[in-house]
Structure formats: structure tokens, C-alpha cells
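Chain naming here is simple, since letters A, B, ... match the order of the sequence lines and numbering starts at 1 in each.
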2 protein chains.
Amino acid sequence: MHGEIAPGQALTLRGIGKEFDVSMTPAREAVRRLVAEGALFLSSSGRVSTPELTNDRIEELAALRALLEVELSSRALPRAHMALIDRLQSINMTVAEMVTKRDAVGYIRSNLEFHRTLYLRAQAPAMLAIVETVWLQLGPTMRALYGRLRRTEPPHYHKLIIAALKAGDEPGLRLAVRSDVTQGLRMLVS
Amino acid sequence: MHGEIAPGQALTLRGIGKEFDVSMTPAREAVRRLVAEGALFLSSSGRVSTPELTNDRIEELAALRALLEVELSSRALPRAHMALIDRLQSINMTVAEMVTKRDAVGYIRSNLEFHRTLYLRAQAPAMLAIVETVWLQLGPTMRALYGRLRRTEPPHYHKLIIAALKAGDEPGLRLAVRSDVTQGLRMLVS
DNA sequence: CATACCCCCATGTGATCACAAACCGCCGTT
DNA sequence: AACGGCGGTTTGTGATCACATGGGGGTATG
């Protein structure tokens, strides 16, 4: 999810087992779960690797993020009190720090934490779980992008999201979330 | 997915293995996958059963269906030619037949086939996969409802969906799909 | 007759093994 | 120099086993 593994990277059950000091059996179960969630790709011969997404697939996953995350933010809005907004602002400082440090994995991790923190307030666990599987599918690809990207400014749309939350402005929030989600992924399409 | 198993029904790895003439290992992998998709519930002690959904969870899954299936139908609309509409009408006759036969499992199966046939035209495999995991989560609960239900009339909203497809009426299609999805699940909330 | 306790058995977990398939690198040929 | 065939080795699969744990039924007690 955080892009620690490059797209197309091959994994072996014995290798995973050795890495975590377990036998093949738990490694297999974990891999099967991740395959079920679309986070890993299972070739017809049973070999496992991170997926290499096509442009079409990236666009579709971005559309899913937009659809679901806009809904989640909308549901979180009435429950968003000052403590939450403070917490979002604090996380956003970490995001900015990761940007200046050019830490792609740290950026993705803190960026997703920003979104997750907001969506947790929506009280919609099934919806959040689905969004997280989408993040999981995009992880390796997002890293490949942000690794290339030479950006130094912190995320602009996060500030809009926070402002809309403060103002209780639902249309503004929906637009800001949609823009934030779409913006990063639009440049993914090579 | 088709409601062949009641909510809360317990399953054992050895039992599943015996049922399909395999050892525990493939049964475990299948169960883990279904747990990952939310189709099965894994207790803290590792026991496996179909989930017993709370009202909140049912409402959330219904909202997900509405959100995603409306989008899928909207994307399918420009590609929906006469052959597809004919096929939908044919499936809809099967649905009606299942209703008169009071065959709950057959009704759920053909109803989902109706929806899947339409959504396949959307060319959005990731979105369709997610919708199917939602169907999977609702399967046992839907059966428990439709089993109680004493309905004899075929689904009204399916006709509206077909009419909107014929007319190329996108707002009408979105409304009809949303109504069809919501209607059945609204009465689930006891 | 109801309730609580306890023990045995059913059940999941993780490890290991035998086997088949497929991948990869090497060598020969053209 | 490029391509194709071949064999060794890596890899996934399914089965089986030993073990720990939790659940349910039976029994004893109030």
C-alpha cells in the first residue's frame, strides 16, 4: 500500500516465509488474501508479483477513489469537530515534511493517513475497507510515480479540504477531495 | 453470494475439504480469500461462519451498491445495443419465473445475473469486482429476507431499467438502478 | 429442575514433505 | 551474433501431522 515494492516485483512463498521467519503456510495464506484484494497479481502458473497496472486500470481505480472518497468525506463532515481538524493539520505537516525530504514512501504513507483519519469519522467501515483495497492496488504504481516526481510544494488540496471542513461546506469538501484524489493520479497516465 | 448458506452458519475446514474431496489446505486458502472479501466471518478463535449483518452494515452495503451500480450502469449505457437489451429481457423472464416458483436462491442468482450482464458492458473490471464482493457479503442475508418475503410480482424496476436503456435516458437509468438496488434492501432492515 | 463446572473432542495453526511444472541460464547450431 | 532447445533448479500445490486451544455436552450440585 505504501509503495515499498515496485510494480512487477516478483515474490516467492519461501522468500516471504524466510523474511518473516515463518513457514510457507502462513506466507501462502497472506499472499492469497492479498491476491483476493487485488494487491498482488497471480500468474496462470501460480507465480506471484505486484501488479503492473495499465492506464485503463489506473483511470478506473482513480474513478473509484473519487466516487468512494467523496462519499466518505461527505459522511464525515457532520461529525468533524475541532479535534479532528487539528489532527488533520498535524498529519498534513508530516506530509509536507516528507515532500521536502523527497521521501516517496513516507509521503504516500502520511498522505493516506490524512485521508484515513478523515474517513474514519464517516462511521462506514465497509466503505473504508473497500477504499483501502483500492489504495492497496495502487501502492506500487503510486510509488513509481512519486519517485519520478520532483515536487517541493506541500499538497494544495489538503488545505482546501481542511478549510471546507472548518466552514462546514459540503460541496466545497466534495470538490476538494475529488480534486486531491484525481490530481495525483492524472499524471500517472503516461 | 446466492444465499445458499444461512447467516451465522458455521463452517469447518475439514468439513469443506470433505465436501469437495480435497485436504484442509485448499479449503483453508478458499476460506481465507472469502474472509478477506468479507464473505465469511472469522471469529477471534479462528472459527469461520457466514456473517450476521447488523442493520447499520446492511444500510452501508446498500449505499455502496447504489453508489457503484449507478455508476456502472451509467458507463454501460452508451455501449448498450439491442443485443444486450434482448439478453436482459430474457434474463428478466427467468427472474419472473423464479419469483412465481418461490425459488429464493434462483431468484437471487438470476437477479444478480441481470445486473452483472448490464455492468459487464461498462468495461470497468475493478468496479465490477468490488460490486461482486458486496453481493458476496449480502448473499446469506438476502436469502434470509427473500425467503420470508411472499411476493408474486416480477421486479418492477427491471422494466424501468430496460426502458431507460432503450431510450438512452441516463438520468432515468440512474434513478431506476438506484431504486431497484435500494428497494429490496430497505425491507431488510427489520 | 436449573445452573455451573469440567473434561474430552473437534478444530485451526504452522511445519514439513513429495511431486509436478515452469522458469532461467547455458550450450549448440545456423 | 542471434536464436532455439535442453536440463537443472527454483517454485507452487496439496497432503499429512503434531500441537494447542476453545467449545459443547454431560454430570454433579444446589
*Under 4.0 angstrom, heavy atoms only, what part of the nucleic acid is B/L11 near: base, sugar-phosphate, or nothing?*
sugar-phosphate
*asked:* Can you classify the ring geometry of B/W135 versus B/Y119 as parallel (below 30°), tilted (30 to 60°) or perpendicular (above 60°)?
replied: tilted
*asked:* With side chain to side chain donor-acceptor pair (under 3.5 Å) as the test, pick out the partner of B/D180 among B/K159, B/H156, B/H115.
replied: B/H115
*In terms of heavy-atom contacts, does CZ of A/R79 have more than 12 from other residues, nucleotides or ligands at under 6.0 Å?*
yes
_If you count heavy atoms of other groups shown closer than 6.0 angstrom to CZ of B/R33, is the number above 12?_
no
Separation of atom [atom1] in [X] from atom [atom2] in [N], rounded to whole Å:
{"X": "B/I16", "N": "C/dA10", "atom1": "CD1", "atom2": "P", "result": "18 Å"}
{"X": "B/R32", "N": "D/dG14", "atom1": "CZ", "atom2": "C1'", "result": "17 Å"}
{"X": "B/E29", "N": "C/dG14", "atom1": "CD", "atom2": "P", "result": "14 Å"}
{"X": "A/L13", "N": "C/dA22", "atom1": "CG", "atom2": "P", "result": "16 Å"}
{"X": "B/K18", "N": "D/dG14", "atom1": "NZ", "atom2": "P", "result": "19 Å"}
{"X": "A/R28", "N": "C/dG12", "atom1": "CZ", "atom2": "C1'", "result": "16 Å"}
{"X": "A/M24", "N": "C/dT13", "atom1": "CE", "atom2": "P", "result": "18 Å"}

*Quiz item: A/R47 side-chain donor-acceptor pair to D/dG12 base, under 3.5 Å*: no
*Please confirm whether any donor atom in the side chain of B/T25 sits under 3.5 Å from an acceptor in the base of D/dA15, or the reverse.*
yes
*Under 3.5 Å, is there a donor-acceptor pair between the side chain of A/T182 and the main chain of A/S179?*
no
_Contact nearer the 5' end of DNA chain D, comparing B/R14 with B/S43_ = B/R14
*Could you pick out which residue, A/S23 or B/V48, lies toward the 5' side of DNA chain C when each is mapped onto its nearest nucleotide?*
B/V48
*Nucleotide nearest B/S45 (side chain, heavy atoms from C-beta), chosen from C/dT13, C/dG14, D/dG22*: D/dG22
*Candidates D/dA15, C/dT13, D/dG12 - which lies nearest the side chain of A/T12*: D/dG12
